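Keep in mind it's a predicted model, so treat the numbers as computed, not measured.
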Amino acid sequence: MQTRKPKPLLRKPEKTDGAAIWELIKMCKPLDENSMYCNLIQADHFRDTCVVAELDGEIVGWISGHMIPNDEAFFVWQVAVSPKARGLGLGRKMLSHLVDRDECADAEALKTTITKDNDASWALFRSFARNVGGDLDDEPHFHEDDHFGGHHDTEHMVTISLPQEDDMAKAA
């Protein structure tokens, strides 16, 4: 008999989740570790555009993001998936969950930045683009020398077009 894989609960974070989010990010190398206070503010002030995944009461997934001011785009800052929850397609499920929220309804694109050597992130966002039927483009955005003073690899701005309901109605 085949056992069913557990299904994580996806929800908006609470400010009480800040410390657990911070601990999750710390165990998900090579993610940049922000301060615990930063994660607390994200969980409190940006809860409508962030998501946590819970499995048996433990936070095993996190995406922080926000709508870009004066742009019809949703920006994903960080994606963290605990080793305990890998292989469940959780990253893509969390991304889909977020872009389906009313708070992201005006987004025509999903944007994120990724260094060229972050194979896991490239795979996640390519998979997400295929899944939603969007085009994925990228170009250098935050440069190693110009923006990071040589202390961090160049971050490429990845843009994924998000098909709109009008587009899907026309295709049907």
Side-chain angles (χ1 to χ4, degrees), residues 1-68 73-105 107 109-134 136 138 142 152-153 155-160 162:
M1 182 172 163
Q2 194 173 16
T3 58
R4 291 175 50 141
K5 288 185 177 180
K7 187 174 182 181
L9 167 71
L10 303 182
R11 63 173 176 80
K12 291 181 180 182
E14 301 290 335
K15 59 185 168 186
T16 53
D17 294 326
I21 292 165
W22 183 72
E23 290 291 342
L24 173 64
I25 291 168
K26 280 179 35 176
M27 79 170 91
C28 293
K29 305 293 182 205
L31 288 180
D32 290 334
E33 293 177 26
N34 301 299
S35 69
M36 186 184 299
Y37 188 74
C38 174
N39 296 128
L40 172 64
I41 293 296
Q42 289 172 318
D44 188 25
H45 295 188
F46 296 94
R47 71 183 305 262
D48 290 338
T49 54
C50 294
V51 63
V52 292
E54 230 181 72
L55 196 57
D56 298 325
E58 179 182 356
I59 292 177
V60 295
W62 161 253
I63 293 181
S64 56
H66 61 270
M67 289 296 293
I68 300 173
F74 175 67
F75 184 81
V76 173
W77 183 356
Q78 281 187 316
V79 177
V81 175
S82 166
K84 296 176 184 177
R86 295 199 180 139
L88 301 175
L90 188 54
R92 194 172 80 195
K93 288 175 187 170
M94 290 190 297
L95 287 171
S96 295
H97 176 86
L98 282 169
V99 298
D100 286 343
R101 282 192 188 161
D102 290 343
E103 293 87 356
C104 298
L110 180 146
K111 295 185 177 190
T112 194
T113 60
I114 308 174
T115 57
K116 275 297 186 192
D117 64 349
N118 189 334
D119 295 334
S121 288
W122 285 105
L124 169 63
F125 286 97
R126 285 183 178 122
S127 171
F128 174 77
R130 278 191 308 274
N131 192 57
V132 299
L136 184 148
D138 78 276
F142 293 121
H152 189 286
D153 290 342
E155 294 272 354
H156 288 251
M157 180 64 75
V158 174
T159 302
I160 299 170
L162 297 174

Output the distance between atom CG (L55) and atom OG (S82), rounded to the nearest 0.5 Å.
8.5 Å
Min side-chain heavy-atom separation I63-H97 under 4.5 Å:
no
Quick one: closest heavy-atom pair of H152 and E155, and the distance?
CE1-OE2, 2.8 Å
Which heavy atom of A20 sits nearest to which heavy atom of I59, and what is that distance?
CB-CD1, 3.9 Å
Qualifying residue, where the test is side chain to side chain contact (heavy atoms under 4.5 Å, CB included) with W77 and the options are N34, T49, T113, T112:
N34
At their closest point, which heavy atom of A43 faces which heavy atom of W62, and how far apart are they?
N-CH2, 4.4 Å
Is the closest side-chain heavy-atom distance between T159 and K111 below 4.5 Å?
yes
Between D17 and R11, is the closest basic N to carboxylate O distance under 4.0 Å?
yes
C38 side, atom SG; I25 side, atom CD1 - distance, nearest 0.5 Å:
8.0 Å
Note, Q42 side chain near P13 side chain (heavy atom, < 4.5 Å)
no
With rounding to the nearest 0.5 Å, note down the distance linking CZ in R101 to NZ in K12.
5.5 Å
Minimum heavy-atom separation for M94 and A80, please, with both atom names.
CE-O, 4.0 Å
Close side-chain approach of L95 and L124, heavy atoms under 4.5 Å
yes
Heavy atoms only: give me the nearest A53-L10 pair and the separation to one decimal.
CB-CD2, 3.5 Å
Is the backbone N or O of K15 less than 3.5 Å from a side-chain atom of R47, with the two atoms forming a donor-acceptor pair by type?
no
So, do F128 and L136 sit near enough that their side-chain heavy atoms are less than 4.5 Å apart?
no
Spell out, as yes or no, whether a donor-acceptor pair under 3.5 Å connects the side chain of W22 to the backbone of Y37.
no
To the nearest 0.5 angstrom, please state how far the OG atom of S121 sits from the NZ atom of K116.
12.5 Å
Point-to-point distance, once rounded to the nearest 0.5 Å, from CG of D48 to CG of L98
10.5 Å
To check you understand the geometry: which heavy-atom pair defines the closest contact between L88 and P8, and what is its length?
CD1-CG, 4.2 Å
Keeping E103 on the side-chain end and M67 on the backbone end, is there a donor-acceptor pair under 3.5 Å?
no
Step through the shown structure and confirm whether more than 12 heavy atoms of other residues, nucleotides or ligands are within 6.0 Å of CG on D56.
no
Gap between atom CZ of F46 and atom CG of N39 - 0.5 Å precision
12.5 Å
Side-chain donor/acceptor of S96 to backbone N/O of R92, under 3.5 Å
yes
Basic-acidic side-chain contact under 4.0 Å: D138, R126:
no
